[in-house]
Engineer: 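The structure is given below, and queries will be raised subsequently.
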Amino acid sequence: MSREKQGEAERPIASLEAVIRSSELILTCGPGGVGKTTTAAALGVAAARIGRKTVVVTVDPARRLADALGLDDGVASDEPHQVMGVTKRTTDGELWALMLDAEQTFDRLVREQSGSRKQAEAVLDNPVYQAISGSLSGAQEYMAVERLHQLHVSGDWDLVIVDTPPSRHAIDLLEAPDRLVGFLSHPVYRTLTVGQRTFAKITDAASSMFLWAVKRLAGPQIVEDTVEFFRSLANIEGGLRHRARQVSELLRGSETAFVVVSSPRAEAVGEAEHLLDAIADKKFPLGGLVVNLIHPMPEPLTDDDEALLAGIDTGPLGDQLEWHRELTSLANAERQELVDLKRLAGEAPVIELPLLNVDIHDVPGLVGLAERLV
Ligand SMILES: Nc1ncnc2c1ncn2[C@@H]1O[C@H](COP(=O)(O)OP(=O)(O)O)[C@@H](O)[C@H]1O
Ligand SMILES: [Mg+2]
């Protein structure tokens, strides 16, 4: 046996199942449209089926997936509720789901960090807060990890799985806690909360990103409300910073696993590679790589087939042959595209999921996907 082969044999076989068994927090992240939300739900199903009490925080489930998880409009979805019919009777695992509501999460955070109800209300009742709490740059990402923290410390769950918001850059999620700290240290924020506030200072600052959001509000009260808002926020600043640090630590903890999801499309692969680099660089724990939406490799033609089909290039059989060639070359190109990405996953398990010809929108569909994942 060659040394290489021996090395391979000795390498521990990491599986996604081991990750689901041992982690307390899992975050699915990756480029847009590759199946992050679907994977988060399927991981939840897999975890419940091996006996864990699991909650999945979804962000933007496709309509029918939301229905399957019981997250339809009629249900107050910010609080977890149980998804029925996924667990085998032989285990006592449970699957619960909720839909991230960034504003409610932010409200909860403000209430928790405020010294008094009055202090909390000063922030929460401010029209500026109400206008920007859901639209602050990066707020969705921060609130996703904040909700993860809230659910984790509640002690109610064996495993919390968080889907990530569709953002311009998948990496935004990793940086969310640092961004909150950055926001609190931003010169504009400091101008508004420290020392004498003058109209001039505020208009100077108007180009900043968050005041841009504020500016869209009409009304003469705006400047006063804005100043008042930042003043009231200053009361809980210490708390916010502390929490951001806790969240940042939690994301790097041994109980956490990031599962990167990608498709084989060149653009997605590029972004996923960038994300894997960042995860390694910033020392976040990588739990696995899921490559979704892969075209299955067609059965190769045998020599006999080739001989039989030689010279046929028209008619239905010719079309079939052409299709077979195209699919083979697409499947090959995809596998080529994935070589570097898989290498970047290092020791973490890599799971490939085929492009299915049906949408995954119900519990049996998720169970099928869960079985492929673990
Ligand atoms: N392996 C697959 N085969 C076929 N369709 C899939 C597969 N994985 C996901 N989908 C579909 O692709 C769409 C996008 O998936 P979604 O999980 O919402 O992606 P993301 O959260 O990354 O934007 C959904 O309609 C989903 O049902
Ligand atoms: Mg999604």
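Both counts, for ligands and for their atoms, begin at 1 and track the order of listing. When reading the values below, keep in mind they use all heavy atoms of this one structure, side chains included, and skip hydrogens, waters and symmetry mates.
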Engineer: Looking at Arg64, I want to see if its CZ is surrounded by more than 12 non-hydrogen atoms of other residues, nucleotides or ligands under 6.0 Å.
Structural biologist: no

Engineer: When you look at Phe106 and Tyr142, which way does the ring pair (Phe, Tyr, Trp, His ring centres under 6.0 Å) test go after all the steps?
Structural biologist: CA-CA 9 Å; Phe106 207 161; Tyr142 184 74; 7.9 Å; no

Engineer: Report yes if some heavy atom in the side chain of Leu330 is under 4.5 Å from a heavy atom in the side chain of Glu326; otherwise report no.
Structural biologist: no

Engineer: For Pro31, is there any backbone N or O sitting under 3.5 Å from a side-chain donor or acceptor partner on Lys36?
Structural biologist: yes

Engineer: Can you tell me which residue among Arg108, Arg243, Glu112 is in a side chain to side chain donor-acceptor pair (under 3.5 Å) with Gln150?
Structural biologist: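 Option passing the side chain to side chain donor-acceptor pair (under 3.5 Å) with Gln150: Arg108.
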
Engineer: Report all protein residues having a heavy-atom distance below 4.0 Å to some atom of ligand 1; order the list by chain, then number.
Structural biologist: Gly33, Val34, Gly35, Lys36, Thr37, Thr38, Asn292, Leu293, Pro354, Leu355, Leu356, Val358, Asp359, Ile360

Engineer: Side chains of Leu293 and Leu353: closer than 4.5 Å at any heavy-atom pair?
Structural biologist: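 When only atoms from C-beta onward are counted, Leu353 and Leu293 do not touch, as no gap falls below 4.5 Å.
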
Engineer: I need the OD1(Asp60)-the Mg ion (ligand 2)-OG1(Thr37) angle, rounded to 10 degrees.
Structural biologist: 80°

